[in-house]
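Below, all heavy atoms of this structure are taken into account, side chains as well, without hydrogens, waters or symmetry copies.
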Amino acid sequence: MTHATSVQHPKAKNLFADAWHGLIKNKMAVVGACVLLFFIFVAIFADFIAPYPADAQNWDHIMEPPSSQFLLGTDSYGRCVFSRIVYGSRISLLVGFVAVAFSAIGGGIIGACAGYFRGRLDNVLMRLMDVLLAIPSILLAIAIVNILGPSLLNVMIAVGLSTMPSFARIVRAAVLSIRDSEFIEAAVAIGDSTPAIILHNILPNCMAPIIVQATLGVASAILSAAGLSFLGLGLQPPSPEWGAMLSEGRAYIYNAPWLTICPGVSIVLIVLSLNLFGDGLRDALDPKLKQ
């Protein structure tokens, strides 16, 4: 008996190959990918790039402007701002990717079950997602962090839960569009179980919208995490989180503007790169835009 995993959607075979060719033709998407790879490189090799530990205090160099010794100046504790920006990239990317992975897995399962089984289960799950969507994501994240307490893990959970409904609705729509396809009927006919059909036949053919939403979701997650830290609900000092650095530096915005400019520019660059890359992926994976 042929296993159902051999039954493939006719358009799925060359989907990502076509997407790759379309992506490399989009100059803005390539620029976004290069900037994103730069931040990933910095995060991975932060121990070798940063000239000082993130929390190292030097009381002889307090609030110094950018110089050859301190490339982006120092803060009110004499800590190297450049080193804190470098180490902060680890935290921002970790929060973004982990929160979106949690959101995509949870939302993907909910959306796949709702779209495949439909009926009462679909109504219950989607009404629950509608309730969560009715609450602004940042407010929902603030409420969750207030309940769980400020920490890195709780920030990732809060951001992941607040963005889960978007993934659920996207996956549900994709599942509904292919649920009655012939290759699904073939998998049912040869006796595959429902979980096997969902995991091996349905979800792989829904990956295009999931990947696009995940890429854009990482940018939103980084912004949400920075916003929580700016409000004092995220990572606590002396953690070199960019939102927390913005919050600390706002008191010195006139006397030491580099304390807010540097983390602010870092957030803008990484979010912009993710949005450019996500837009390029969306255009490359959208069949309506193919010539």
Side-chain angles (χ1 to χ4, degrees), residues 28 31-43 46 49-52 54-56 61-67 69-97 99-100 136-139 141-142 145 150 152 155-156 158-159 162-163 215-279:
M28 297 306 296
V31 171
C34 291
V35 175
L36 178 59
L37 288 175
F38 169 77
F39 276 105
I40 293 175
F41 175 84
V42 169
I49 296 174
Y52 304 98
D55 56 352
H61 299 277
I62 293 177
M63 303 288 285
E64 287 193 0
S67 63
Q69 183 178 1
F70 300 101
L71 297 179
L72 299 179
T74 61
D75 62 10
S76 58
Y77 295 95
R79 297 173 298 192
C80 176
V81 175
F82 175 74
S83 298
R84 291 177 64 78
I85 291 291
V86 170
Y87 281 104
S89 63
R90 282 184 173 178
I91 298 175
S92 293
L93 289 173
L94 178 64
V95 171
F97 284 114
V100 168
S137 59
I138 187 63
L139 294 182
I142 289 174
V145 170
L152 178 61
V155 167
M156 291 189 290
V159 174
S162 65
T163 56
T215 304
L216 298 174
V218 172
S220 298
I222 291 175
L223 276 178
S224 297
L228 290 173
S229 296
F230 182 83
L231 296 174
L233 299 173
L235 274 75
Q236 301 300 302
S239 174
E241 204 280 331
W242 292 342
M245 292 176 64
L246 274 174
S247 181
E248 293 175 5
R250 62 180 174 172
Y252 311 100
I253 191 169
Y254 296 109
N255 299 327
W258 60 87
L259 297 181
T260 52
I261 292 176
C262 295
V265 170
S266 299
I267 294 173
V268 169
L269 286 178
I270 195 169
V271 170
L272 179 61
S273 68
L274 284 162
N275 285 333
L276 291 175
F277 183 58
D279 287 342

### Query
Which pairs, with at least one residue in residues 217-235 and sequence neighbours excluded, count as a salt bridge (Lys or Arg N to Asp or Glu O under 4.0 Å)?
none
### Message
Going by the rule side-chain contact (heavy atoms from CB on, under 4.5 Å), which residues pair with Ser137 if we only count those two or more places apart in sequence or in a different chain?
### Response
Ser162
### Query
Roughly how far, to the nearest 0.5 Å, is CZ of Arg84 from OG1 of Thr74?
11.5 Å
### Task
Please list, chain by chain and in numerical order, all residues satisfying side-chain hydrogen bond (donor to acceptor under 3.5 Å, both in side chains) with Asn275, sequence neighbours excluded.
none
### Message
Go through it in stages, so that I can follow the logic: the residues are Met245 and Ile85, the test is side-chain contact (heavy atoms from CB on, under 4.5 Å), and I'd like the CA-CA distance, side-chain angles, deciding distance and then a yes or no.
### Response
CA-CA 9 Å; Met245 292 176 64; Ile85 291 291; 3.8 Å; yes
Please report, to 0.1 Å, the donor-acceptor pairs under 3.5 Å made by any side chain of residues 262-272, with sequence neighbours excluded.
unit_1: Ser266; atom_1: OG; unit_2: Cys262; atom_2: O; d: 2.9

### Task
Can you sort out the partners of Pro51 under side-chain contact (heavy atoms from CB on, under 4.5 Å), two or more places apart, ordered by chain and number?
Cys80, Phe82, Ser83
### Query
Excluding sequence neighbours, so at least two apart, what forms side-chain hydrogen bond (donor to acceptor under 3.5 Å, both in side chains) with Ser92?
none
### Query
With sequence neighbours left out, what residues match Phe41 under side-chain contact (heavy atoms from CB on, under 4.5 Å)?
Phe45, Ile49
### Query
Does CZ belonging to Phe97 count more than 12 external heavy atoms closer than 6.0 Å?
yes
## Note on the structure
Rounded to the nearest 0.5 Å, the CG atom of Leu231 sits from the CD1 atom of Ile138 at a distance of 7.0 Å
### Message
Please give me the minimum heavy-atom distance between Val42 and Ser89, naming the atom from each residue.
### Response
CG1-OG, 3.8 Å
### Query
side-chain contact (heavy atoms from CB on, under 4.5 Å) with Met28: which residues, sequence neighbours excluded?
Asn26, Leu276
#### Entry: Spatial distance of atom CD1 (Ile91) from atom OG (Ser229) [nearest 0.5 Å]
8.0 Å
#### Entry: Reported OG-to-CD1 distance for the pair Ser224 and Ile142, which is rounded to 0.5 angstrom
9.5 Å
### Contact summary for Ala221 and Val100, nearest pair of heavy atoms
CB-CG2, 4.1 Å
### Task
Using the test ring-ring contact (aromatic ring centres under 6.0 Å, His included), find all partners of Phe70 that sit at least two apart in sequence or belong to another chain.
Tyr52, His61
### Query
Shortest non-hydrogen contact from Val145 to Leu233?
CG1-O, 2.9 Å
### Flag, side chain of Trp258 to backbone of Met63, donor-acceptor distance under 3.5 Å
no
### Query
Got a sec, which pairs hit salt bridge (Lys or Arg N to Asp or Glu O under 4.0 Å) with one end in residues 248-269, sequence neighbours left out?
Arg79-Glu248
### Task
With sequence neighbours excluded, give me every salt bridge (Lys or Arg N to Asp or Glu O under 4.0 Å) pair touching residues 236-247.
none
### Message
Can you give me the closest heavy-atom contact between Leu216 and Gly278, atom names plus distance?
### Response
CD2-CA, 3.8 Å
### Query
By side-chain hydrogen bond (donor to acceptor under 3.5 Å, both in side chains), which residues pair with Thr163, not counting sequence neighbours?
Ser103
### For Leu259 against Val81, the heavy-atom pair lying closest together
CD2-CG2, 3.7 Å
### Contact summary for Ala225 and Val159, nearest pair of heavy atoms
N-CG2, 4.3 Å
### Query
When rounded to the nearest 0.5 angstrom, what distance separates CH2 in Trp242 from CD1 in Ile222?
7.0 Å
